[in-house]
Peer 1: 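The structure's right below; bear with me while I get my questions together.
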Amino acid sequence: MGSRASVRGAAVPRPEREGAMAGPELSRSEVCGMLRQELSRDEAFLQGQPHVFIIFGASGDLARKKIYPTVWWLFRDGLLPDDTRVVGFARTPLTVEQIRQATLPYLKAAPEEEERLGAFFGRQSLVRGQYGEEGAFRALDAHLRGLPGGARAHRLFYLALPPSLYLPVTRHIRQACMGGGWNRVIVEKPFGRDLASSDALSRHLGELFREEQIYRIDHYLGKEMVQNLMVLRFANRIFGPIWNRDNVACVVLTFKEPFGTEGRGGYFDDFGIIRDVMQNHLLQMLCLVAMEKPASTDPDDVRDEKVKVLKCIGPVEPEDVVLGQYVGNPAGPPEAQKGYLDDPTVPPGSTTATFAAAILRVANERWDGVPFVLRCGKALNERKAEVRLQFREVPGDIFGRQCKRNELVVRVQPDEAVYTKLMTKKPGMFFNPEESELDLTYGNRYKDVKLPDAYERLILDVFCGNQMHFVRSDELREAWRIFTPLLHSIEERGEAPIPYPHGRWGAVGQPGPAEADELLKRAGFLYEGTYRWVNPHRL
Ligand code: NDP
Ligand code: BG6
């Protein structure tokens with residue numbers, strides 16, 4: 001399909017509306033209809049070639065909770081090519097009916113969609129086999145060729161598998177399962193554990209497939225507000241001139257979850273919060289905040305700019321990092337009374353961090369001297385992901401130090417919003433400044449718009465051949481270069497992270513270790529605590 005910006009990059013015509021802000025939004029079916037029209041203009045995408053979506057690890061957690069449901073939503077909304085079939089592969093003996101039962105709680109199908117759901121499962125089949133046996137992949141290939149138009153079908157291979165299986169499975173796909181149409185492989189993170197292992201995986205994949213066949217998923221790149229960063233920055237005149245070291249004091253990127261590892265401790269303990277969230281999700285957001293404007297929205301132009309930013313970031317210094325691990329909070333509800341080490345899937349005495357804050361520095365002309373603080377943690381006070389730019393003070397104050405710094409916040413989740421904290425005249429018989437905000441809260445502004453799940457956008461992009469929101473191998477390499485020395489030094493030291501209470505019950509100040517607040521202060525972030533954004537949608 002070439003390198004168009006995106007089928008979804010095209011302007012969607014709106015019906016005439018009365019007044020700029022008050023008209024009804026498009027319904028889901030109207031939006032889907034337009035997308036479908038757009039897709040069908042693109043090389044007969046919807047009616048052309050047959051497509052097969054192959055899910056390795058069909059019996060697993062990710063397949064059940066995310067991949068099958070996402071493919072169903074795309075099918076339900078008519079966004080998949082008409083002749084698309086889904087084939088699961090697993091060691092476990094499974095029937096389509098069992099897959100249906102296992103995925104039903106996650107499909108969110110309405111009663112009136114029963115017939116369509118039947119059609120969806122009617123296009124499914126399963127192949128049983130061992131991941132290490134080439135014969136099993138030959139059998140899979142025979143099955144795929146046996147489907148209508150199967151020999152010439154386009155094939156998407158989704159590796160919903162533990163990373164330890166990526167090597168044999170991709171080798172067998174290359175040797176036994178390449179179809180007559182295009183072949184694309186979707187790989188889930190983690191892509192290695194450090195620079196060396198990631199390079200080894202990249203080399204392995206590079207020997208088997210061309211880069212344009214490999215789709216490395218970082219699902220944060222599929223989120224509405226993460227994608228919006230480029231539009232906000234490069235489609236508006238007002239932000240460009242202030243988006244630099246002359247005006248920005250510091251940038252804070254935050255990821256918080258209110259729950260602990262809860263049974264996923266086995267996986268998590270092997271990786272820790274830096275590999276799980278900071279090195280990928282937060283760093284990707286940093287790239288989109290810090291990169292220069294790409295030459296175009298061509299996926300490679302965008303990714304070239306992300307790589308350039310990463311190349312300007314040096315390895316993270318251990319003194320710029322605070323690590324924490326949650327402990328039971330006696331003041332909280334029963335689930336918060338358990339600490340990380342109380343999770344039976346976590347090895348006793350583990351020193352894996354569940355919270356990390358780090359300062360990164362982008363040594364280029366735009367950002368030299370502006371700290372980028374990345375903070376992420378589990379078992380904190382709330383679920384929240386956001387990007388926050390804090391601006392410098394207004395020079396030449398005439399208001400007797402009453403003015404607070406401006407902030408621009410892009411709230412990724414929950415309650416997507418963009419808001420600017422600014423000073424305004426206190427309304428009425430006053431002439432003193434007061435903190436307020438310019439607010440674009442999606443729940444208010446786009447009342448009836450249902451935002452798609454990140455995986456919906458990303459899987460549709462794979463069908464369309466658009467790699468803009470996927471991680472390229474050189475990006476990945478730079479990301480590991482930045483974090484690997486720190487990760488190795490943490491492992492060598494083996495020190496216990498700073499304990500912090502699960503949730504915020506009974507605690508004062510910010511959630512997580514108090515040392516992280518000190519780090520933020522050191523980075524020049526001023527937390528006034530005088531003003532808090534309240535989601536107007538929930539008032
Ligand atoms: P699972 O542990 O559920 O594994 C998926 C499937 O792989 C299993 O059902 C099993 O299928 C097979 N499998 C598991 N272990 C082995 C083994 N040792 N040897 C051979 N086969 C094995 O993984 P998830 O579904 O949770 O995750 C899949 C991938 O997605 C991972 O890379 C993970 O990091 C990533 N991911 C997962 C998320 C999630 O929410 N679960 C979120 C983000 C990323 P069978 O035995 O039937 O063949
Ligand atoms: C995953 C991490 O990549 O992202 C999980 O492995 C984390 O630990 C999850 O919970 C968060 O995703 P989201 O979309 O719920 O913010």
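Counting starts at 1 for both ligands and their atoms, in listed order.
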Peer 1: Answer yes when Lys450 and Glu456 have at least one side-chain N-carboxylate O distance shorter than 4.0 Å, and no when they do not.
Peer 2: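 Judged by the 4.0 Å cut-off on N to carboxylate O distance, Lys450 and Glu456 do form a salt bridge.
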
Peer 1: Only pairs under 3.5 Å count here: list side-chain donor-acceptor contacts from residues 92-99, not counting sequence neighbours, and write none if there are none.
Peer 2:
residue, atom, partner, partner atom, Å
Thr95, OG1, Gln98, N, 3.0
Thr95, OG1, Gln98, OE1, 3.4
Glu97, OE2, Gln101, NE2, 2.6
Gln98, OE1, Thr95, N, 2.8

Peer 1: Is the shortest distance from a Lys or Arg side-chain nitrogen in Arg275 or Glu491 to a carboxylate oxygen in the other one below 4.0 Å?
Peer 2: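 Between Glu491 and Arg275 there is a salt bridge, with a charged N closer than 4.0 Å to a carboxylate O.
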
Peer 1: Look at atom 3 (O) of ligand 1 and find which of Asp61, Asp270, Asp276, Leu94 reaches it with the closest heavy atom.
Peer 2: Asp61

Peer 1: For atom 30 (O) of ligand 1, which candidate among Leu62, Leu159, Ile55, Leu165 holds the nearest heavy atom?
Peer 2: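 Heavy atom nearest to atom 30 (O) of ligand 1 belongs to Leu62.
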
Peer 1: When Glu475 is tested against each of Gln284, Arg303, Arg216 for side-chain hydrogen bond (donor to acceptor under 3.5 Å, both in side chains), which residue passes?
Peer 2: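 For Glu475, the side-chain hydrogen bond (donor to acceptor under 3.5 Å, both in side chains) check succeeds only for Gln284.
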
Peer 1: Can you confirm whether Lys256 is buried at NZ, in the sense that more than 12 heavy atoms of other residues, nucleotides or ligands lie under 6.0 Å from that atom?
Peer 2: yes

Peer 1: Is the Tyr442 ring parallel, tilted or perpendicular to the Tyr446 ring (thresholds 30°, 60°)?
Peer 2: perpendicular

Peer 1: Against heavy atoms of Pro163, which atoms of ligand 1 measure under 4.0 Å?
Peer 2: 32 (O)

Peer 1: Identify, for atom 32 (O) of ligand 1, the protein heavy atom at the shortest distance, and state residue, atom and that distance.
Peer 2: Leu161 O, 2.8 Å

Peer 1: Quick one: nearest non-hydrogen protein atom to atom 5 (C) of ligand 1, plus distance?
Peer 2: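 Minimum-distance protein heavy atom for atom 5 (C) of ligand 1 reads Ala160 O, 3.4 Å.
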
Peer 1: Check this for me - ligand 1, Tyr455, N or O atoms closer than 3.5 angstrom, yes or no?
Peer 2: no

Peer 1: Enumerate the protein residues lying less than 4.0 Å from ligand 2, judged by heavy-atom distances, in chain and residue-number order.
Peer 2: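 Close residues (ligand 2, cut-off 4.0 Å): Lys189, His219, Tyr220, Lys223, Phe255, Glu257, Arg264, Asp276, His281, Lys378, Arg383, Gln413.
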
Peer 1: Can Glu188 and Tyr166 be counted as having a side-chain donor-acceptor contact under 3.5 angstrom?
Peer 2: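 Judged by distance alone, the side chains do not pair up.
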
Peer 1: Using side-chain contact (heavy atoms from CB on, under 4.5 Å) as the criterion, point out the one residue from Leu221, Leu374, Val226 that pairs with Met285.
Peer 2: Val226

Peer 1: Please state which protein non-hydrogen atom is closest to atom 6 (C) of ligand 1 and give its distance, to 0.1 Å?
Peer 2: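 Of every protein heavy atom, Gly57 CA, 3.8 Å lies nearest to atom 6 (C) of ligand 1.
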
Peer 1: Would you please determine whether Phe56 falls within less than 4.0 Å of ligand 1 on a heavy-atom basis?
Peer 2: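 The answer is no, since Phe56 has no heavy atom less than 4.0 Å from ligand 1.
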
Peer 1: Restricting to non-hydrogen atoms, name the atom on Ser59 and the atom on Ala90 that form the minimum distance, rounded to 0.1 Å.
Peer 2: OG-CB, 4.0 Å

Peer 1: Would you mind checking which non-hydrogen protein atom is closest to atom 44 (C) of ligand 1, with the distance to 0.1 Å?
Peer 2: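 Nearest neighbour among protein heavy atoms for atom 44 (C) of ligand 1, to 0.1 Å: Glu188 OE1, 3.3 Å.
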
Peer 1: Under 4.0 Å from any heavy atom of Ala90, which atoms of ligand 1 are there?
Peer 2: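 Contacts of ligand 1 toward Ala90, numbered from 1: 47 (O), 48 (O).
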
Peer 1: Is a salt bridge present between Lys189 and Asp218, judged by a nitrogen-to-oxygen distance below 4.0 Å?
Peer 2: no

Peer 1: Below 4.0 Å from ligand 1: does a non-hydrogen atom of Ala58 turn up there or not?
Peer 2: no

Peer 1: Ligand 1 and Pro162, any nitrogen or oxygen pair closer than 3.5 angstrom?
Peer 2: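 No; every N/O pair is 3.5 Å or more apart.
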
Peer 1: Closer than 4.0 Å to some heavy atom of Thr92 - which atoms of ligand 1 meet that?
Peer 2: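 Ligand 1 atoms under the 4.0 Å threshold to Thr92: 45 (P), 46 (O), 47 (O).
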
Peer 1: Is atom 46 (O) of ligand 1 less than 4.0 angstrom from at least one protein heavy atom?
Peer 2: yes

Peer 1: Would you name the heavy atoms of Ile173 and Phe137 that are closest together and state the gap between them?
Peer 2: N-CD2, 4.1 Å

Peer 1: Which of parallel (below 30°), tilted (30 to 60°) and perpendicular (above 60°) describes Phe463 and Phe53?
Peer 2: parallel

Peer 1: Is a salt bridge present between Lys311 and Asp474, judged by a nitrogen-to-oxygen distance below 4.0 Å?
Peer 2: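 Here Lys311 does not pair with Asp474 in a salt bridge, since their nearest N and O are not under 4.0 Å apart.
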
Peer 1: I'd like to know if Glu224 pairs up with Arg457 as an ion pair, taking the criterion as any Lys NZ or Arg NE/NH1/NH2 lying under 4.0 Å from an Asp or Glu carboxylate oxygen.
Peer 2: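 Counted as a salt bridge, because a side-chain N and a carboxylate O are separated by less than 4.0 Å.
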
Peer 1: N/O to N/O below 3.5 Å, does that happen between Tyr131 and ligand 1?
Peer 2: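 By distance alone, the answer is yes.
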
Peer 1: Any idea which atoms of ligand 1 are less than 4.0 Å away from a heavy-atom of Pro190?
Peer 2: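 Counting atoms of ligand 1 from 1, those under 4.0 Å from Pro190 are 34 (O).
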
Peer 1: Salt bridge check: are Glu207 and Arg203 linked by an N-O gap of less than 4.0 Å?
Peer 2: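 Salt bridge: no.
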
Peer 1: Would you mind finding which of His219, Gln130, Arg91 brings a heavy atom closest to atom 19 (N) of ligand 1?
Peer 2: Arg91

Peer 1: Would you say Tyr267 and Asp276 are linked by a side-chain donor-acceptor pair, where the criterion is simply a distance under 3.5 Å?
Peer 2: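 Per modelled atom types, Asp276 and Tyr267 side chains form a pair under 3.5 Å.
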
Peer 1: Which protein non-hydrogen atom lies closest to atom 35 (C) of ligand 1, naming both residue and atom, and how far is it?
Peer 2: Lys189 O, 3.7 Å

Peer 1: What part of Ser59, side chain, backbone, both or neither, has a heavy atom within less than 4.0 angstrom of ligand 1?
Peer 2: both

Peer 1: Test of understanding: given a 4.0 Å heavy-atom threshold, classify the contact between Tyr166 and ligand 1 as side chain, backbone, both, or neither.
Peer 2: side chain

